[in-house]
Amino acid sequence: EIRGKKTFQWEGLPYFETTFFVEEGSIVVNTETLKKQEHLSVPPSAVAKISAKKDSVVYAFSGKALPDEMRYYSISKT
């Protein structure tokens, strides 16, 4: 849960990609805006600046990354 207009830096782990899922609210991950029910996956070892545009509930899921040739990262509505 991110209250108010807060910003923090997130650093990913080697060999693990992370997906951010916005349950409620709106956030910006680097330059990409995510709204309610949208998600964004970032590659291993990524550094992300995360800013809440308003009170938000965000989940971060990490898992072992696929080989480079099988990866595709984008914003998606679920």
Measure the [atom1]-[atom2] distance between [X] and [Y] for me, rounded to the nearest 0.5 Å.
X	Y	atom1	atom2	value
S51	K6	OG	NZ	12.5 Å
I2	I50	CD1	CD1	6.5 Å
K49	Q9	NZ	CD	9.5 Å
L40	I27	CG	CD1	8.0 Å

### Query
Would you call the rings of F21 and H39 parallel, tilted or perpendicular if under 30° counts as parallel and over 60° as perpendicular?
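Rings of F21 and H39: tilted, as their planes differ by 30° to 60°.
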
Is the side chain of [X] donor-acceptor paired with the backbone N or O of [Y] at a distance under 3.5 Å, no angle test?
X	Y	value
Q37	E23	yes
E32	V29	no
T33	V28	no

How about [X] and [Y]: do any of their side-chain heavy atoms sit closer than 4.5 Å?
X	Y	value
P14	P44	no
V22	V57	no
F20	V42	yes

#### Entry: Joint hydrophobic cluster, L13 plus Y15, side-chain heavy atoms closer than 4.5 Å
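L13 and Y15: one cluster.
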
### Task
Find out if a path of hydrophobic residues (ILVMFWY) with successive side-chain heavy-atom gaps under 4.5 Å connects L34 to F8.
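Cluster IDs for L34 and F8 match.
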
Specify the closest pair of heavy atoms between [X] and [Y], including all atoms of both residues, with the distance to one decimal.
X	Y	answer
K53	K5	O-CE, 3.6 Å
A52	S56	CB-OG, 4.4 Å
S26	K35	OG-CG, 4.2 Å

### Query
Is it true that R3 and E1 have a side-chain N and a carboxylate O under 4.0 angstrom from each other?
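Looking at R3 and E1, the cut-off is met.
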
